[in-house]
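The structure appears right after this line, and notes come after that.
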Amino acid sequence: MLQILFFRIKNISYICSMKKLTIDKRKVLESVNKMVSDKNTVQLFLKGEITTETLRQKGITLANPL
C-alpha cells in the first residue's frame, strides 16, 4: 500500500509518498551469515591458510594497494 502525505512549509505544498517497509528476517539472517563466513575466509587468507583462488571462488575481491 502506498501512502501519500501532503504538508506545508513556509506556504509551499509538498507531496511525499511513503512505501510500507517490509523486512524479510530470513534474508537478513542469510546476509549476516554470509558476512561472517566471508570475514572468517579473509582471516584464513591473511594467516596464509588458503589461496587467492579460494577467495575468487567465493566471490571475494580484495582492494589493490596504491
Side-chain angles (χ1 to χ4, degrees):
M1 174 178 245
L2 188 65
Q3 296 176 346
I4 308 264
L5 300 177
F6 298 96
F7 60 95
R8 285 177 131 345
I9 297 177
K10 294 185 181 178
N11 296 327
I12 300 174
S13 296
Y14 293 94
I15 300 174
C16 288
S17 63
M18 298 180 66
K19 288 186 180 179
K20 220 177 205 183
L21 200 60
T22 59
I23 298 172
D24 189 3
K25 290 181 181 180
R26 182 181 51 82
K27 286 184 180 181
V28 171
L29 288 175
E30 285 175 2
S31 64
V32 168
N33 288 336
K34 185 175 180 339
M35 285 189 293
V36 170
S37 171
D38 289 349
K39 178 183 173 187
N40 292 336
T41 304
V42 170
Q43 287 175 347
L44 289 174
F45 171 73
L46 293 175
K47 291 178 184 177
E49 296 178 17
I50 61 173
T51 63
T52 56
E53 185 60 35
T54 307
L55 290 179
R56 283 192 204 112
Q57 288 174 355
K58 289 191 172 232
I60 300 172
T61 56
L62 300 176
N64 293 330
L66 296 176

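- Here S31 pairs with nothing under the side chain to side chain contact (heavy atoms under 4.5 Å, CB included) rule; sequence neighbours left out.
- Taken together through direct or relayed side-chain contacts under 4.5 Å among Ile, Leu, Val, Met, Phe, Trp and Tyr, L46 and I60 form part of one hydrophobic cluster.
- Salt-bridge check for K27 with E30: failed, with every basic side-chain N at 4.0 Å or more from each acidic carboxylate O.
- Here the CZ-CG distance, from F45 to L62, works out to 5.5 Å after rounding to the nearest 0.5 Å.
- For Q43, the side chain to side chain contact (heavy atoms under 4.5 Å, CB included) criterion is met by K39, N40, not counting sequence neighbours.
- T41 places a side-chain N or O within donor-acceptor distance of the main-chain N or O of S37, the cut-off being under 3.5 Å.
- The shortest non-hydrogen separation linking K58 to K34 is O-NZ, 4.3 Å.
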